[in-house]
Amino acid sequence: MTAIDNLISQIQDEALRNKIQEEVSKMAKQKKFGLVFEDHIPEGTPLYDMPIEKGCNVMRRDSKDDKTIYVVLKIEGDTAVCIKPERKDEAVTFELKDIVRVAKFGESIYPYLKPLDSVCNAPDSDLWHTLIEADNYHALQLLEYLYAGKVDCIYIDPPYNTGAKDWKYNNDYVDGNDAYRHSKWLSFMQRRLQLAKKLLNPADSVLIVTIDEKEYLHLGCLLEELFPEARMQMISSVINPAGAGKKEFARTDEYIFFLRFGSATLMPESREENDVPVVWDTLRRSSLANARGKHGKGACGPNQFYPFYVNTDNGRIVKIGEPISEGVDRNSVPQVDGCIAVFPVRPNGIEMNWGIKPDEAKSRFEAGYLRAGAYKPKEPQKYVISYLTGGIIKDIEAGTVIVDGYNDDGSVNAYYPSGKDKYPSTNWNRPTHDAQRYGTNILTSIIGNRFPYPKSIYAVKDSLGFFLKEKPYALILDFFAGSGTTMHAVNLLNAEDGGHRRCIMVTNNEVSADEAKMLKDKGYQPGDVEWEKLGIAHYVTWPRTVCSIEGHDVNGKSLKGDYLGSEPPMHMADGFKANAAFFKLGFLDPTAVSLGMRFSEMLPTLWLKTGAKGKCPELTGEQVPDMLILPENQFAVLINENTFADFAEKLAEHPEIQTVFLATDYEVNYQSMVKNLNVENAYQLYRDYLDHFRVNRGRN
C-alpha cells in the first residue's frame, strides 16, 4: 500500500485523487484469507569496503530521511556526480566520503570471503566452524552456491519486531510507530526463508525458528506457506520464570517452531533402562456422559452395565454377569456364594458404565488382561476393576511387551523390557532454559554487558540435540547469529558426545540505536574503524566465540564454573577442542574473476565449498601458483591448465583428495580433464561460480 499511497498523492486533480483513495481504502478493508502482506521496496546493502565507480549504486552514508539510491554518472576528484534512476535530468554532487556503494536486492552479486581472524584450540582436528560478517541475505546467496540441499539443521532467532528498534529494514531502524512494521518484517523474513529452503536437505533436515507473541501468528502462517511439505510443531518455552509485563498477564515464555523435512526424526529425551510394568487402566467410565441410562452423543451402549463377581477371600474375579436393563435395581441381580457383585458406581452413588461390553470383558478376563484391584469397603463400588488397553494388548501381540507369567488372580505379569522412550512435550518449563541465568549471566561472564537478551545455551543445545544426537557430522547454520549462542551450544554438544558437528554463523555488524547516536555525536559514520569495532560481529559474536573455545573472558581471565549436565563435569575454563574462522563478506568484479585476477580472494570460498576441512589456506606473495595441492584441506586447484599432466600426477599421490577445481574457459578442455581424474567432485573455474550468481540473482 505504501507505493500506491505515494502514487495517489501525486495526482493533481483533487476530486479524482480523493475518489481513487476512497476506492483503494475499500479494497484494503476487504477480508482476505491466508497471509497477505506487501512486498516492500527491495533492500539495499552498504558495501563500505568497495570503491565507488561510474555506474554503481550509492546512497548517503548518514541520513535519517534520505534513503534514496543514486547512480554514479562520473567521478570528479573527491566528488561524485549522481542521479536518481527515475529523475535522470537532475544531477546532484556528493563528496565521496559522504556516500557508500550499495548492492540492491535482485542485483547480480559476486561474493567472496575476506579472512579477518581465527581461533585454533584443536590443531589436530580438521573441524573448523565459520563466522561470516554480512547482511544475511547476501550470505545466504553465497551459501546456496556452497551448500544447496546439504544443510542438516537451520536454527535462527530472528528479530522479534517488538517496536523497540530491534531490527533494520533498508538500513533504517523499524520502530513501533511504523504502520507497516509487520508487513516489512514479513517481507524481510520471506526473502531469507526462501533462500534457506534451498539449503536444507529435503530428505532429512530440520528448521528451528524462535519467536515471541509479537509475530508468532504471522510467522506460523508464513512457514506453512513457504514449507507446505514440512511437519510443523510449535513449542511454548519458559525462558523467564519471573515473568515480564505490567498490569497484564506476566509473560514467561516464547515460542519455537520446529519444521521437519523428509525422514527427520525427533529423538527421545530419555529412555528408562529398567523394566517398566504395563499400566492398568480403570475400567469404569469417568465422564457423566457415560452414566447409566444416558443416550446422548458419545454415550455407552445399553449393555455396558453388568456385574463382576469378586471373591471376598482372595479378591479374584470369579465370574462376569450379564447386563441388566435400564431401570432394574442392581441389587436385584443373582448372588454368587462368597462373592460381591461389583458394578461401575461412583463414590457419590452415581451409576456409570464399564468401558467395554461384557463379551469383550470376558475375552480379556480369560486372556489375563482384566483384574480386580483394591478393596474399598466404604464405597458403593467395593473393588476397582482394571484392564489393559487395546494399545498395550497390541504391544503384547507384537512382542514389544513381554509377558512374564501370570499373577495369582490370573492376570498377566507384563512389562516393557527397556521402558518406553520419553519424548519432550510441547510445553517446556526447564530451569536450564532460564535466559537470565544461563544466557545473560554466562555471556556477561565472558564478554561483559555487551548484548541484551541472549538465549540460554542449554535451550539451544536441547533444541539441536533432539534432532542431531545421532548425526555427529551434521552441518548447522544460524543466519541470525546474534551473540553466538548457537556455535557455543554446538561445541558443548560435540564435547559431550565426541561429535564432529560443524556450525556456520552469519551476523551483520550493526551497532545498537543508542550506540549509533553516541558515535554520530562524536563525528563517526558507518564504515569508520571506531564504528565497526562496536558492531555486533566484532564486539560480541567473535569475542564470545574465541573466549568460549579458549576458556577465558575478554580480559584473559579463566572462566569460572562448570557446564551443567555433563559427566564427568566439564569446566568452562577448559574451553573446547574446536577451531573457528572469522570472515567478512565482500563483493568481486565479475570481469576480474573471469580473468583469474581474484583467485586469492576466491580461495576461502573454495575452502568452504569443500567442507572447511583444516585451516583455511592463504596465498603468500603476489604470484599465483600454477596449482594448489592441499591434502590437509582435502581439495586441489588447477590454475594453469597447461600444467594439467603435472597436476594429475601429483593428485594421484593423494587419494584423500576427492574435490578439484579446474580453471579453464573451455568446456571441452574441462570435460577432458575430469575424465582423466579419479575424483568424486569437480568444478570449472570460474564458470561454475560466475554462472551461479549471474543466473540466480534475486530469484526466489
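Start at 1 with the first residue, then count along the sequence.
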Polar side-chain atom of [X] near backbone of [Y] as donor-acceptor pair, under 3.5 Å:
X      : Y      : answer
Lys382 : Ile340 : no
Ser205 : Pro202 : no
Thr265 : Ser263 : yes
Thr485 : Ile457 : no
Ser363 : Asp359 : no
Ser566 : Pro568 : no
Thr545 : Thr541 : yes
Tyr458 : Leu564 : yes
Gln335 : Val333 : yes
Asn407 : Asp409 : no

Charged N to carboxylate O under 4.0 angstrom, [X] versus [Y]?
X      : Y      : value
Lys197 : Glu144 : no
Glu366 : Lys362 : no
Glu351 : Arg346 : no
Glu213 : Arg251 : yes

message = Between Leu186 and Leu222, is there a side-chain heavy-atom distance shorter than 4.5 Å?
response = yes
State, without any angle test, whether [X] and [Y] hold a side-chain donor-acceptor pair at a distance under 3.5 Å.
X      : Y      : result
Asn311 : Arg316 : no
Ser236 : Asp253 : yes
Asn491 : His129 : yes
Gln436 : Asn441 : yes
Asp157 : Thr210 : yes
His488 : Arg544 : yes

query = Residues in salt bridge (Lys or Arg N to Asp or Glu O under 4.0 Å) with Lys294, at least two apart?
reply =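 Result, salt bridge (Lys or Arg N to Asp or Glu O under 4.0 Å) vs Lys294: none returned.
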message = Against the six-membered ring of Trp354, is Arg285 placed for a cation-pi contact (under 6.0 Å from the centre, within 45° of the normal)?
response =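 Verdict for Trp354: no cation-pi partner in Arg285.
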task = Compute both the distance and the angle, then confirm whether Arg192 meets the cation-pi test with Phe188: under 6.0 Å from the six-membered ring centre, within 45 degrees of the axis.
result = yes
Would you say that more than 12 heavy atoms from the other residues, nucleotides or ligands in this model lie under 6.0 Å from the [atom1] of [X], or not?
X      : atom1 : result
Arg437 : CZ    : no
Asn348 : CG    : yes
Asn331 : CG    : yes

Ring center gap for [X] and [Y] short of 6.0 angstrom:
X      : Y      : value
His433 : Trp428 : yes
Phe308 : Tyr306 : yes
Tyr160 : Tyr255 : no
Phe365 : Tyr387 : no

message = Set out, in order, the CA-CA distance, both residues' side-chain angles and the distance that settles ring-ring contact (aromatic ring centres under 6.0 Å, His included) for Phe261 and Phe227, then state yes or no.
response = CA-CA 9 Å; Phe261 301 89; Phe227 304 97; 5.6 Å; yes
[X] [atom1] to [Y] [atom2] distance, which is reported to the nearest 0.5 Å:
X      : Y      : atom1 : atom2 : value
Tyr369 : Ser411 : OH    : OG    : 11.5 Å
Arg260 : Arg231 : CZ    : CZ    : 5.0 Å
Gln304 : Ile356 : CD    : CD1   : 8.5 Å
Ser287 : Asn353 : OG    : CG    : 11.0 Å
Asp434 : Asn240 : CG    : CG    : 7.0 Å
Lys150 : Leu477 : NZ    : CG    : 14.5 Å

request  = Sort and list the pairs that fulfil salt bridge (Lys or Arg N to Asp or Glu O under 4.0 Å) and have at least one residue in residues 466-480, not counting sequence neighbours.
outcome  =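 Listed by first then second residue: Asp204-Lys471.
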task = Step by step, work out the ring-ring contact (aromatic ring centres under 6.0 Å, His included) result for Tyr309 and Tyr383.
result = CA-CA 10 Å; Tyr309 292 96; Tyr383 286 89; over 10 Å; no
inquiry  = One pair to check against ring-ring contact (aromatic ring centres under 6.0 Å, His included): Phe257 and Tyr216. What are the steps and the verdict?
reply    = CA-CA 9 Å; Phe257 284 100; Tyr216 83 101; 7.4 Å; no
